[in-house]
S.K.: 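The following block contains the structure, expressed as structure tokens.
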Amino acid sequence: MTSSAQARETFVPAMSAIAREAGALLLHFFHQKLKIEYKGEADLVTAADRASEKLIRERIAAQFPGHDILGEEQGLTDSGSEYRWYVDPLDGTTNFAHGYPVFCVSLGLERRSADTAHRIAAVVYDPTRDELFSAEQGSGARLNGEPIQVSKISELKECLVATGFPSHKRHKSPNIYFYHQVTLRTHGVRRAGSAALDLCSVACGRFDGFWEFNLNPWDTAAGVLILEEAGGKVTRFDGSPFQIDSRETLGSNGLVHDALLHEFQEIFAGRGLDPLPDPRIYPRAPATP
Ligand code: IPD
Ligand code: CA
Ligand code: CA
């Protein structure tokens with residue numbers, strides 16, 4: 001049996017059930033006032049993150065004993081299995097903690113051998129909209145069971161794109177420059193607060209592109225496979241292949257990928273940048289209609 005056939009027959013239905021159960025748990029917590037704890041200056045965690053990962057780990061252990069798991073809250077369980085799950089039990093914690101209903105459960109499954117690793121199955125579940133994105137390697141991507149595809153927009157200036165800003169070492173992120181330049185060259189840039197949902201939104205054509213610095217494997221593992229299976233493209237910022245530990249994620253519908261890569265090269269080289277407006281000037285000369 002090929003890995004994609006195995007994924008189709010055995011993994012996605014179980015992954016979907018686990019993600020739905022964890023999503024229902026998150027919704028239950030969402031309607032309560034939870035204590036916010038800090039992993040870093042602006043890196044939040046709640047009881048919901050921990051409870052969701054605990055549930056997911058219990059379900060994986062019961063149904064797929066021996067599989068390894070890398071989860072955001074509990075780290076890596078590594079027994080040398082050829083299967084590794086990447087678990088973000090709550091992607092969008094800051095939104096969740098503030099009552100902003102944009103968050104999800106993200107589960108990616110990788111099959112590893114001595115020298116290669118393939119993303120073979122993925123689900124991302126948004127419990128607030130009851131939207132379940134899924135994909136199997138080589139079998140396309142789906143939203144609530146219906147096939148999805150990336151958008152057909154080929155001009156960067158007609159695109160709606162998305163990005164995110166890291167919560168860890170945020171003062172070191174140069175992303176505000178990218179946000180500014182790409183905003184001026186597109187219909188706009190959204191910062192919705194869940195990288196997994198951003199990638200899925202490119203997969204189903206709501207966004208045409210997405211980038212972010214310094215994402216972790218649990219943020220990207222599922223969304224990248226879903227986007228690629230929907231016909232999209234994911235690379236590093238120089239166009240080289242995306243790897244799970246790349247820490248550079250540039251995804252698109254494929255048609256505008258080269259244009260986005262070009263913008264990134266220009267910005268990294270400091271060429272052709274529209275200067276950020278000087279805030280000291282604004283009070284003296286506010287924008288006129
Ligand atoms: C975060 C979200 C956010 C992204 C951050 C991530 P978390 O994940 O995906 O959109 O901008 O970089 O850390 O902490 O909510 O699981
Ligand atoms: Ca995350
Ligand atoms: Ca998380």
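Start at 1 and go down the list; that is how both ligands and their atoms are numbered.
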S.K.: Taking L70 as the fixed residue, which of I244, L76, D78, V87 is the one that meets the side-chain contact (heavy atoms from CB on, under 4.5 Å) rule?
M.R.: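 So the option named by the test is L76.
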S.K.: Tell me, which N, O or S atom in D91 is closest to the Ca ion (ligand 2)?
M.R.: OD1
S.K.: Should the ring pair F103 and F30 be called parallel, tilted or perpendicular, given that the plane angle runs from 0 to 90° and is split at 30 and 60?
M.R.: tilted
S.K.: May I ask which of D91, N95, D49 has a heavy atom nearer to atom 7 (P) of ligand 1 than the others do?
M.R.: D91
S.K.: Indicate yes or no: at least one non-hydrogen side-chain atom of V105 is less than 4.5 angstrom from one of L107.
M.R.: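 The answer is yes; the side chains approach within 4.5 Å.
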S.K.: Please confirm whether A196 comes within less than 3.5 Å of ligand 1 when only nitrogen or oxygen atoms on both sides are compared.
M.R.: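 No; every N/O pair is 3.5 Å or more apart.
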S.K.: Provide the number and element of each atom of ligand 1 under 4.0 Å from a heavy atom of S194.
M.R.: 9 (O), 10 (O)
S.K.: Just by distance, do the side chain of S106 and the backbone of V124 share a donor-acceptor pair under 3.5 Å?
M.R.: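 No; judged by distance alone, with no hydrogens or angles, the pair does not exist.
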S.K.: From E72, does some N, O or S atom reach closer than 3.0 Å to the Ca ion (ligand 2)?
M.R.: no
S.K.: Report the part of F165 in contact with ligand 1, treating N, CA, C, O as backbone and CB onward as side chain, heavy atoms under 4.0 Å; options are side chain, backbone, both, neither.
M.R.: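 F165 to ligand 1: backbone contact only, side chain stays beyond 4.0 Å.
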S.K.: Has E73 got an N, O or S atom lying less than 3.0 Å from the Ca ion (ligand 3)?
M.R.: no
S.K.: I need the nearest protein heavy-atom contact for atom 14 (O) of ligand 1: residue, atom name and distance, please.
M.R.: E72 OE2, 4.0 Å
S.K.: With atoms numbered from 1 as shown, which atoms in ligand 1 lie under 4.0 angstrom from a non-hydrogen atom of R191?
M.R.: 3 (C), 10 (O), 11 (O)
S.K.: Can you name the N/O/S atom of D88 that is nearest the Ca ion (ligand 2)?
M.R.: OD2
S.K.: Using a 4.0 Å cut-off to any heavy atom of E212, which atoms of ligand 1 qualify?
M.R.: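 Close to E212: 4 (C), 5 (C), 11 (O), 12 (O).
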S.K.: Quick check, are the ring centers of Y125 and F133 under 6.0 angstrom apart?
M.R.: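 No: the rings miss the under 6.0 Å criterion.
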S.K.: Are F165 and F213, when compared by the centres of their aromatic rings, separated by less than 6.0 Å?
M.R.: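 That pair fails the under 6.0 Å test.
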S.K.: Looking at ligand 1, is there an atom of it that comes within less than 4.0 Å of some heavy atom belonging to L90?
M.R.: yes
S.K.: K157 versus T186: any side-chain heavy-atom pair under 4.5 Å?
M.R.: no
S.K.: Show me which atoms of ligand 1 lie under 4.0 Å from any heavy atom of G164.
M.R.: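 Answer for ligand 1: 11 (O).
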S.K.: Just so I know, are the side chains of F29 and H31 near enough to count as touching, which here means a heavy-atom distance under 4.5 Å?
M.R.: no
S.K.: Going by the order shown, which atoms of ligand 1 are within less than 4.0 Å of some heavy atom of G193?
M.R.: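 The atoms of ligand 1 under 4.0 Å from a heavy atom of G193 are 2 (C), 3 (C), 10 (O).
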S.K.: Is any side-chain heavy atom of H67 less than 4.5 Å from a side-chain heavy atom of W85?
M.R.: yes
S.K.: Going by salt bridge (charged side-chain N to carboxylate O under 4.0 Å, His left out), R185 matches just one of E158, E263, E155. Which one?
M.R.: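 Testing R185 for a salt bridge (charged side-chain N to carboxylate O under 4.0 Å, His left out) against E158, E263, E155 leaves exactly one candidate, E263.
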S.K.: Within 3.0 Å of the Ca ion (ligand 3), is there any N, O or S atom belonging to W218?
M.R.: no
S.K.: Regarding D219, does it place an N, O or S atom less than 3.0 Å from the Ca ion (ligand 3)?
M.R.: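 Within the cut-off used here (under 3.0 Å), D219 places no N, O or S atom near the Ca ion (ligand 3).
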S.K.: Between H118 and Q137, is any pair of side-chain heavy atoms under 4.5 Å apart?
M.R.: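 They are in contact (side-chain heavy atoms under 4.5 Å apart), so the answer is yes.
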S.K.: Please determine if D88 has a nitrogen or oxygen closer than 3.5 Å to a nitrogen or oxygen of ligand 1.
M.R.: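 Yes, at least one N or O pair falls under 3.5 Å.
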S.K.: Taking 4.0 angstrom as the limit and counting only heavy atoms of A195, give me the atoms of ligand 1 inside it, by number and element.
M.R.: 2 (C), 9 (O), 10 (O)
S.K.: Could you tell me whether the side chain of L199 reaches within less than 4.5 Å of the side chain of V224, counting heavy atoms only?
M.R.: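 Side chain of V224 against side chain of L199, heavy atoms only: contact under 4.5 Å found.
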S.K.: Going by heavy atoms in the side chains, are S113 and E82 under 4.5 Å from each other?
M.R.: no
S.K.: Numbering the atoms of ligand 1 from 1, which are under 4.0 Å from a heavy atom of D219?
M.R.: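 Contacts of ligand 1 toward D219, numbered from 1: 8 (O).
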S.K.: May I ask you to check whether P166 has an N/O atom sitting below 3.5 Å from an N/O atom of ligand 1?
M.R.: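 For ligand 1, there is no N or O atom that lies under 3.5 Å from one belonging to P166.
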S.K.: D68 and G80: which non-hydrogen atoms are nearest, and at how many Å?
M.R.: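 Nearest pair, atom of D68 first, then G80: OD2-N, 3.2 Å.
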S.K.: Would you say G92 and ligand 1 have an N/O pair spaced under 3.5 Å apart?
M.R.: yes
S.K.: May I ask you to check whether L215 has an N/O atom sitting below 3.5 Å from an N/O atom of ligand 1?
M.R.: no
S.K.: Looking only at distances, can you tell me whether any N or O atom of T93, backbone or side chain, sits closer than 3.5 Å to an N or O atom of ligand 1?
M.R.: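 Min N/O separation from ligand 1 is below 3.5 Å for T93.
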